[in-house]
Protein chains: 2
Amino acid sequence: MLSKKTKYGIKALTYLARLEDKTPVQIATISKSENISLKFLESILLTLKKNGFLASKKGKGGGYYLLKEPNEIQMTDVMRILEGPISMIPCVSLNFYEKCEDCPDENACAVHKLMAEVRDSSLQIFRNTTLADLCNC
Amino acid sequence: MLSKKTKYGIKALTYLARLEDKTPVQIATISKSENISLKFLESILLTLKKNGFLASKKGKGGGYYLLKEPNEIQMTDVMRILEGPISMIPCVSLNFYEKCEDCPDENACAVHKLMAEVRDSSLQIFRNTTLADLCNC
DNA sequence: TTAAACCCTATAGATTTAGTAGATTAATAA
DNA sequence: TTATTAATCTACTAAATCTATAGGGTTTAA
């Protein structure tokens with residue numbers, strides 16, 4: 001299951017990407033527009049900021065704004081930061097690899113084989129989709 | 001993330017599918033061979049039985065055995081029963097559809113669009129993969 | 001009598017999804 | 001310059017749910 005964190009994060013990013021100008025937008029504005037719990041959104045935007053997607057301005061007239069161009073933001077990166085591994089199982093993960101304790105031989109493992117295929121196809125979609133692609137719905 | 005339930009379920013199914021004859025296999029045998037907690041495996045095999053993949057024989061000399069041929073067991077069915085929806089989000093699920101409360105228009109939703117693509121590609125893999133395909137690793 | 005599946009319940013731990021309270025920073029009005 | 005206000009930031013807490021087992025008793029068949 002996709003976490004609400006990721007869902008809300010993507011929604012917030014597309015909200016910002018759809019705007020004409022790049023003046024800061026308050027958390028509360030996005031929160032109301034997208035029906036997202038304000039404090040939860042706050043923490044999500046913070047992690048997006050820490051990972052270089054967004055920047056913020058404090059104080060009166062402050063808010064968040066996109067740092068990169070929408071077509072430069074790949075979904076692989078967004079997913080990995082908000083959701084974690086693309087793979088459904090650590091033993092096929094490229095960025096978060098971990099060996100299964102119970103599995104003596106990965107090459108003989110049916111689950112490994114199946115999940116590697118799923119990872120490949122998901123990865124291809126996330127790589128070929130940018131924030132810009134998601135904006136024109 | 002793939003649950004251990006699904007992982008163990010698939011491993012147990014492949015274990016049975018790889019056998020020459022169809023004599024019942026005890027839970028404990030599979031449990032030891034695949035390093036799966038016995039009681040957990042018990043409940044997994046039970047749900048696989050209730051859903052028509054396995055049959056069991058009680059008492060001495062009893063155990064579990066495959067009901068269908070491995071090439072008749074699609075991964076879509078196994079995944080839906082053990083893991084639940086193929087989709088990462090209910091609003092794109094074919095079998096477990098649910099509307100998002102926060103989302104006024106699915107067609108304008110970036111998350112919906114992205115996750116629909118992911119579902120399609122995953123579904124294609126699970127449909128085209130049977131238990132027989134996973135056995136020859 | 002024994003060995004196996006079956007059934008029911010409980011539970012520790014992790015994760016998710018927030019909520020609460022206050023600190024910090026910056027623009028603006030007095 | 002000072003006070004006020006509006007915004008982000010930080011830290012702690014908490015409820016709810018899910019996961020992965022463990023335990024113990026029941027039923028069935030060789």
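Chain letters run A, B, ... following the sequence lines, proteins first, then strands; residues in each count from 1.
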key: Distance in angstrom units between A:Ile44 CD1 and C:dA18 C1', rounded   = 10 Å
query = Can you find a pair of side-chain heavy atoms, one from A:Leu114 and one from B:Phe126, that are under 4.5 Å apart?
reply = yes
remark   = Per nearest nucleotide of DNA chain D, the residue lying toward the 5' end, B:Lys5 or A:Gln26, is A:Gln26
task = Tell me, please, which residues at least two apart from A:Ser3 pass side chain to side chain contact (heavy atoms under 4.5 Å, CB included).
result = A:Lys5, A:Thr6, A:Glu83
message = Quick check on C:dC7: is either OP1 or OP2 less than 4.0 Å from any side-chain nitrogen or oxygen of B:Ser43?
response = no
key: B:Leu38 CG to C:dA3 C1', straight-line distance once rounded to whole Å   = 13 Å
ask   = Are any of the side-chain nitrogens in A:Asp102 or B:Lys4 under 4.0 Å away from the carboxylate oxygens of its partner?
value = no
Shorter than 3.5 Å, N or O on both sides, protein versus nucleotides 24-30 of chain D: list them out with atom names.
from	atom 1	to	atom 2	distance (Å)
D:dG24	O6	B:Lys39	NZ	2.1

query = Rounded to whole angstrom units, what separation is found between the CE atom of B:Met88 and the C1' atom of C:dT16?
reply = 15 Å
ask   = How long is the line joining CE of B:Met1 and P of D:dA20, in whole Å?
value = 8 Å
task = Quick one: label B:Leu45 by what it contacts on the DNA or RNA (base, sugar-phosphate, nothing), any heavy atom closer than 4.0 Å.
result = nothing
task = For B:Lys7 and D:dA20, give me the distance from atom NZ to atom P, rounded to whole Å.
result = 9 Å
inquiry  = Rounded to whole Å, how long is the line connecting atom OH of A:Tyr65 with atom P of D:dT8?
reply    = 12 Å
remark   = A:Leu41 atom CG is separated from D:dC9 atom P, nearest whole Å, by 12 Å
task = Rounded off to whole Å, could you give me the CZ-to-C1' distance for the B:Phe40 and C:dC7 pair?
result = 17 Å
key: Short side-chain N/O contact to C:dA4 OP1/OP2 from B:Ser56, under 4.0 Å   = no
Nearest heavy atoms of B:Met1 and A:Pro90, plus distance in Å = CE-CD, 3.9 Å
key: Phosphate-side-chain proximity, B:Tyr8 and D:dA20, N/O vs OP1/OP2 below 4.0 Å   = no
ask   = Do B:Leu134 and B:Ile86 sit in the same hydrophobic cluster, where Ile, Leu, Val, Met, Phe, Trp and Tyr count as joined when their side-chain heavy atoms come under 4.5 Å apart?
value = yes
query = Nearest to the side chain of B:Lys49 - D:dT8, C:dC6, D:dA20?
reply = C:dC6
Would you mind writing out the side-chain donor-acceptor pairs for residues 44-51 of chain B within the sub-3.5 Å range, not counting sequence neighbours?
from	atom 1	to	atom 2	distance (Å)
B:Thr47	OG1	B:Ile44	O	2.8
B:Lys49	NZ	B:Ser56	OG	3.2
B:Asn51	ND2	B:Thr47	O	2.8

task = Find which nucleotide of DNA chain D each of A:Lys50 and A:Gly62 is nearest to by heavy atoms, and output the residue with the more 5' nucleotide.
result = A:Gly62
request  = Supply the atom-to-atom distance A:Lys7 NZ to B:Cys100 SG, rounded to the nearest 0.5 angstrom.
outcome  = 3.5 Å
